[in-house]
Amino acid sequence: MKKILILSFLFINLLFAFSQSNLDLLKEEGDCPKCDLSYADLSGLDLTMADLSDTNLAYANLSNVVAHAANLSGADLSYAVCKNANLKGAKFIKAKLSHVDFTDARLWKANFTNAFIDKSDFTGAALGSAIFDKNDLSNSKFEDVIVYKTIFKNGVKLP
Amino acid sequence: MKLFITFCIFFTVLFGGQLSYEHSYKAAVQKVTKEKKKLMIIYSAPWCPECSYMKDVAFNKPQLNRYLQNNFVLLDLNVDKDDLPKGFDYVGIPTFFILDSSEKRVGKLVGGDKSLKFLERLKEIK
């Protein structure tokens with residue numbers, strides 16, 4: 001019984017763990033495209049201009065990161081926490097943004113073209129000059145946001 | 001005429017007055033000394049939407065507008081073409097440096113915010 005429990009614990013850990021080598025690569029080189037960083041704690045890191053395209057960031061903690069102009073195109077950020085993150089000019093083109101916590105995030109000039117946005121929370125976020133193109137925003141939360149010169153085009157469904 | 005003056009006063013109270021910006025450090029410091037206010041140096045650029053949001057929207061909200069009018073001389077510098085005073089390093093824009101009337105730096109705010117949040121951050125600077 002003990003063995004089964006230990007094995008189950010290890011299996012669950014393996015199932016949910018990110019790749020440590022991928023995390024090291026990101027911290028050393030500042031880029032990690034097509035990596036597995038799911039469940040990783042990246043809070044407070046400087047990810048300015050980081051290439052995180054097609055990276056798995058599901059359930060990752062990105063609170064308070066500084067990620068100016070980071071490339072998150074094609075990334076999976078399902079259930080990621082991006083509270084108070086500085087994501088100015090970040091690219092989320094074709095990213096999966098399901099249940100993402102963007103509260104108080106700074107998303108000036110961020111590009112959400114073709115991103116799949118589902119039940120995400122943008123409360124208090126700054127979305128000035130951000131681009132929403134071909135998105136469905138109808139079930140996401142946009143309270144107290146800055147939408148100064150924000151671009152909504154090609155049939156974006158607003159909440 | 002009375003109605004017009006009343007309307008002007010009401011409009012000013014409701015929407016705040018027009019802020020004036022200095023564009024030379026020397027002139028701004030002279031104004032600070034004369035008016036016994038603090039100096040806010042704003043590093044901005046025309047291509048920066050966050051900068052124009054702060055100047056066009058947030059700074060014109062009544063509470064923040066009044067606080068700025070009463071306490072600050074505003075120096076707006078374009079980081080791409082204006083001479084920037086030495087000793088005021090910045091990474092991104094907008095960056096706001098706060099100096100007291102003796103030109104001593106007492107605060108630095110990085111990034112803009114909604115007017116009331118920015119006002120809170122500003123009031124924390126003594």
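Note on naming: letters A, B, ... go to the chains in the order of the sequence lines (proteins, then strands), and numbering restarts at 1 for each one.
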Side chain, backbone, both or neither: which part of A/D144 has a heavy atom under 4.5 Å from chain B?
->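 Both backbone and side chain.
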
Measure A/V66 against the heavy atoms of chain B and call it side chain, backbone, both or neither at under 4.5 Å.
->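 For A/V66, neither part sits under 4.5 Å from chain B.
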
Could you check whether the rings of A/H99 and A/Y79 sit parallel, tilted or perpendicular, using 30° and 60° as the cut-offs?
->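 A/H99 and A/Y79: parallel rings.
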
Take atom NZ in A/K88; do more than 12 heavy atoms of anything else shown fall under 6.0 Å from it?
->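 Yes, the 6.0 Å shell around NZ holds more than 12 heavy atoms from other groups.
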
Should we count CD of A/Q20 as having more than 12 external heavy atoms under 6.0 Å?
->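 Result for CD/A/Q20: enclosed.
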
What residue, out of A/K109, A/H68, A/R106, has the most heavy-atom pairs lying under 4.5 Å from chain B?
->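 Ranked by contacts with chain B, first place is A/R106.
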
A/D133 versus A/N154, side-chain donor and acceptor atoms under 3.5 Å |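 Distance-only check passes for A/N154 and A/D133.
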
